[in-house]
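See structure below.
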Amino acid sequence: MELYGPRGWWPVVTDAGNQGHDAKGYHPLDYSIPATAHRRFEIALGAILTQNTAWRNVRLCLESLDEAGAIDMQRLLALSDERLEALIRSSGYYRQKARKLKTLARFFLENGYGEVSAASTPSREELLSLWGIGEETADSILLYAFGVPVLVIDAYTRRILARLKGEELSDREIRDYLSSATEGKAVKQQRRILNEFHALFVEHGKTRCAKRSPDCDHCGIKAWCKGPF
DNA sequence: TCCCAGGGGCCGA
DNA sequence: TCGGCCCATGGG
């Protein structure tokens, strides 16, 4: 946080999803649970679209979907598969992802999870049971769309910790290793910490701890790292 | 031209 | 459980 400042994730792309904020994009220091169904659904769609995909390619899809009025469960389900695939083409894997988005929309709709007023939250097991939603996507949706205090572990998290400690850690070990940061804290605090944890791992992974040629010369946590340098 | 990106499903050891 | 393969576009 000292190195990069608060990220204020999840990045919101559309105007309708960004109510109460002046600009699109990040919303620093706002760790509130999404206040609109549009925003909640946009976050969940983005979590699927960004699977193994650069965010800049996802952003285009979310803007296209918004223009088509499809950041809405019923309206997304009303689209033909071909139309939906065309709208999300730039995120790659577009046939699979079109199916995943509809699966999610159907699930939200049938259980009322898309309605912010209902204040009901899906369980992790429910999300994992859906076709196309694995651990990272489930945890991202829980944390950023519903405010559930869970740690999101992604490729950046694993790579950065592996380099810091000089050995690969299992996800279980990563959870144990980072658990002291949230232990004994109020849920609201945990939500803020976990929100930033994932966002900062992504920031550090993109700007410094790249897979191929990490920029160790400008790395602010080099002193604690076992390499590579 | 090749590598990489905020994964996940599926299959055979 | 675990490795390998597939899905697919776009930028460096």
Side-chain angles (χ1 to χ4, degrees), chain A residues 1 4 6-13 25-28 42-65 81-107 122 124-146 148 150-164 167-175 178 193-215 218 228:
Chain A
M1 185 89 88
Y4 300 108
R7 304 289 83 203
W9 266 24
W10 186 272
V12 176
V13 169
Y26 297 83
H27 44 97
E42 178 183 333
I43 292 171
L45 296 180
I48 289 174
L49 290 171
T50 199
Q51 289 173 356
N52 203 35
T53 302
W55 182 256
R56 62 173 173 274
N57 292 337
V58 174
R59 182 179 263 278
L60 302 171
C61 301
L62 289 172
E63 287 167 354
S64 300
L65 287 170
D81 291 346
E82 293 72 21
R83 172 75 173 136
L84 181 55
E85 287 168 7
L87 288 170
I88 64 171
R89 190 173 186 280
S90 70
S91 76
Y93 311 111
Y94 57 85
R95 293 189 197 87
Q96 294 196 19
K97 283 176 178 175
R99 182 180 162 198
K100 294 179 183 183
L101 297 187
K102 284 196 172 182
T103 300
L104 176 85
R106 208 170 293 119
F107 171 72
R124 191 171 195 267
E125 291 67 33
E126 277 183 303
L127 288 171
L128 290 176
S129 74
L130 300 178
W131 187 87
I133 296 192
E135 298 200 8
E136 186 193 335
T137 306
D139 289 339
S140 291
I141 291 172
L142 287 172
L143 178 61
Y144 293 105
F146 291 93
V148 178
V150 292
L151 175 69
V152 178
I153 298 175
D154 67 347
Y156 288 134
T157 312
R158 297 188 188 97
R159 182 166 74 232
I160 291 166
L161 290 181
R163 286 174 175 169
L164 275 172
E167 62 176 344
E168 302 283 339
L169 299 184
S170 68
D171 285 10
R172 183 67 261 166
E173 290 171 324
I174 290 175
R175 288 186 193 285
L178 298 178
I193 292 165
L194 293 163
N195 182 313
E196 289 295 344
F197 252 159
H198 177 52
L200 288 164
F201 271 117
V202 173
E203 183 66 21
H204 188 63
K206 279 200 231 188
T207 64
R208 298 288 182 271
C209 207
K211 184 169 186 178
R212 178 114 65 116
S213 53
D215 184 11
H218 299 100

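Just the heavy atoms: all of them, side chains too, but no hydrogens, waters or symmetry mates, feed the values below. Per chain, numbering begins at 1; letters A, B, ... match sequence-line order.
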Between [atom2] of [N] and [atom1] of [X], the distance in whole Å:
X	N	atom1	atom2	answer
A:D171	C:dC2	CG	P	11 Å
A:I141	B:dG7	CD1	P	14 Å
A:I88	C:dA8	CD1	P	10 Å
A:K100	C:dC6	NZ	P	17 Å
A:N52	B:dG7	CG	C1'	6 Å
A:D215	C:dG12	CG	P	17 Å
A:K206	C:dG10	NZ	P	17 Å
A:L87	C:dT9	CG	C1'	15 Å

Heavy atoms under 4.0 Å, any strand shown: does [X] hit a base, just sugar-phosphate, or nothing?
X	answer
A:I48	nothing
A:D154	sugar-phosphate
A:G134	sugar-phosphate
A:L130	sugar-phosphate
A:R159	sugar-phosphate
A:Q96	base
A:S91	nothing

For [N], take OP1 and OP2 only and decide whether either is under 4.0 Å from a side-chain N or O of [X].
X	N	result
A:R95	C:dC7	no
A:R212	B:dC4	yes
A:T53	C:dA8	no

Toward the 5' end of DNA chain B, which comes first, A:H198 or A:I133, by nearest nucleotide?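 Whichever sits nearer the 5' end wins; that is A:H198.
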Picking from [options], which would you name as closest to the side chain of [X]?
X	options	value
A:Y94	C:dT9, B:dC10, C:dC7	C:dT9
A:A155	C:dT9, B:dG7, B:dG9	B:dG7
A:Y93	C:dC7, C:dT9, B:dA5	C:dC7
A:R56	B:dA5, B:dG7, C:dG11	C:dG11
A:N57	B:dG8, B:dC4, C:dG10	C:dG10

Are A:R158 and A:D171 close enough for a salt bridge, meaning some N to O gap below 4.0 Å? yes
What's the gap between C:dA8 and B:dC10 when it is taken at their P atoms, as a whole Å value? 14 Å
Do you know the tightest heavy-atom contact between A:R163 and A:A210? NH1-O, 2.8 Å
List the steps, then state whether side chain to side chain contact (heavy atoms under 4.5 Å, CB included) holds for A:E135 with A:R124. CA-CA 8 Å; A:E135 298 200 8; A:R124 191 171 195 267; 3.4 Å; yes
Aromatic ring pairing A:H198/A:Y144, orientation class (parallel under 30°, perpendicular over 60°, tilted between): tilted
Answer yes or no: does atom CZ of A:R175 have more than 12 heavy-atom neighbours from other residues, nucleotides or ligands under 6.0 Å?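 For A:R175, atom CZ is crowded (more than 12 foreign heavy atoms under 6.0 Å).
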What is the pairing partner of C:dG12, taking Watson-Crick or G-U wobble pairs with both distances under 3.5 Å in any strand? B:dC2
State, without any angle test, whether A:K100 and A:T137 hold a side-chain donor-acceptor pair at a distance under 3.5 Å.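 Per modelled atom types, A:K100 and A:T137 side chains form no pair under 3.5 Å.
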